[in-house]
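Scroll down for the structure; my scribbles are underneath it.
In what follows, every heavy atom counts, from backbone to side chain, and hydrogens, waters and symmetry copies are set aside. All residue numbers refer to positions in the sequence shown, counting from 1.
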Amino acid sequence: MTAYEMMLSESQERMLVVVKQGREQEIIEMCKRYGLEAVAIGKVTEDKMLRLIHKGDVVAEILADTLAEDAPVYYKKSEEPAYFKEFQAMENEEPAVGDLKETLSALL
């Protein structure tokens with residue numbers, strides 16, 4: 001994986017698992033049983049830093065809480081779309097087909 005891929009939340013949520021130290025091989029073996037690849041790519045440290053080392057270089061270093069506990073929350077304005085109001089205001093029209101059951105059967 002590239003450093004960028006490792007930092008994407010998509011990768012973190014779907015492809016990374018935090019395992020208790022010393023039990024990595026158990027998880028690797030379990031994944032093999034299901035035809036999945038697994039490798040250890042990092043470790044949890046005491047300093048609460050997310051430090052991304054890629055090909056021997058530190059390419060990112062940030063307090064983990066900055067990304068989780070202290071991340072900004074955005075509240076965006078929401079409103080009902082105008083087209084929805086238009087559809088709701090339309091009169092209920094009879095279907096353009098005569099017999100709905102017959103039409104459904106013909107389509108199937």
Side-chain angles (χ1 to χ4, degrees):
M1 293 174 76
T2 67
Y4 178 76
E5 290 168 334
M6 289 179 192
M7 288 295 292
L8 285 175
S9 65
E10 179 76 12
S11 300
Q12 294 169 23
E13 292 165 1
R14 297 180 188 229
M15 296 189 284
L16 297 180
V17 177
V18 177
V19 178
K20 187 174 182 178
Q21 188 173 4
R23 300 191 68 184
E24 301 87 354
Q25 195 56 42
E26 287 178 55
I27 300 301
I28 291 169
E29 293 302 321
M30 181 179 65
C31 288
K32 281 183 185 176
R33 285 196 303 265
Y34 294 99
L36 303 171
E37 265 187 73
V39 294
I41 64 164
K43 62 182 178 181
V44 176
T45 60
E46 295 291 327
D47 62 3
K48 296 187 176 188
M49 293 293 290
L50 184 146
R51 193 171 292 108
L52 183 59
I53 302 169
H54 188 259
K55 297 184 179 183
D57 296 324
V58 175
V59 295
E61 189 171 45
I62 188 168
L63 277 169
D65 281 349
T66 304
L67 300 172
E69 305 301 325
D70 303 330
V73 177
Y74 298 101
Y75 297 98
K76 293 189 169 209
K77 181 182 169 187
S78 64
E79 61 185 50
E80 189 175 271
Y83 69 85
F84 184 76
K85 291 178 185 177
E86 291 173 28
F87 288 148
Q88 293 298 314
M90 295 171 87
E91 289 186 33
N92 290 336
E93 297 177 13
E94 290 296 319
V97 295
D99 185 333
L100 293 176
K101 287 183 182 179
E102 186 180 302
T103 304
L104 179 58
S105 293
L107 288 170
L108 295 174

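Side-chain contact between Arg51 and Val58: present, with at least one pair of heavy atoms (C-beta onward) separated by less than 4.5 Å. When side chains are defined from C-beta on, Lys43 does not count as touching Gln21, because their heavy atoms never get closer than 4.5 Å. Between Met30 and Arg33 the shortest side-chain heavy-atom distance falls below 4.5 Å.
Looking at every heavy atom in both residues, Ile28 comes nearest to Val39 through CD1-CA, 4.4 Å. Heavy-atom minimum distance, Val59 versus Ala3: CG2-CB, 3.7 Å.
Within 6.0 Å of CD in Glu61 there are more than 12 heavy atoms belonging to other residues, nucleotides or ligands. Residue Glu80 places its CD atom among more than 12 non-hydrogen atoms of other residues, nucleotides or ligands, all under 6.0 Å distant.
Transitive grouping of hydrophobic side chains (ILVMFWY, heavy atoms separated by less than 4.5 Å) brings Leu36 and Val19 into a common cluster. Taking hydrophobic clusters as Ile, Leu, Val, Met, Phe, Trp and Tyr residues chained together by side-chain heavy-atom distances below 4.5 Å, Tyr83 shares a cluster with Met90. Transitive grouping of hydrophobic side chains (ILVMFWY, heavy atoms separated by less than 4.5 Å) brings Tyr34 and Ile27 into a common cluster. Residues Ile53 and Leu67 fall into different hydrophobic clusters, defined by Ile, Leu, Val, Met, Phe, Trp and Tyr side chains chained together at heavy-atom separations under 4.5 Å.
In this structure, Leu50 CG and Thr45 OG1 are separated by 8.5 Å, a value rounded to the nearest 0.5 Å. Rounding to the nearest 0.5 Å places NZ of Lys48 at 15.0 Å from CD1 of Ile62.
Checked by atom type and distance alone, the side chain of Glu24 pairs as donor or acceptor with a backbone atom of Gly22 at under 3.5 Å. A donor-acceptor pair under 3.5 Å is absent between the side-chain atoms of Glu26 and the main chain of Arg23, judged by distance alone.
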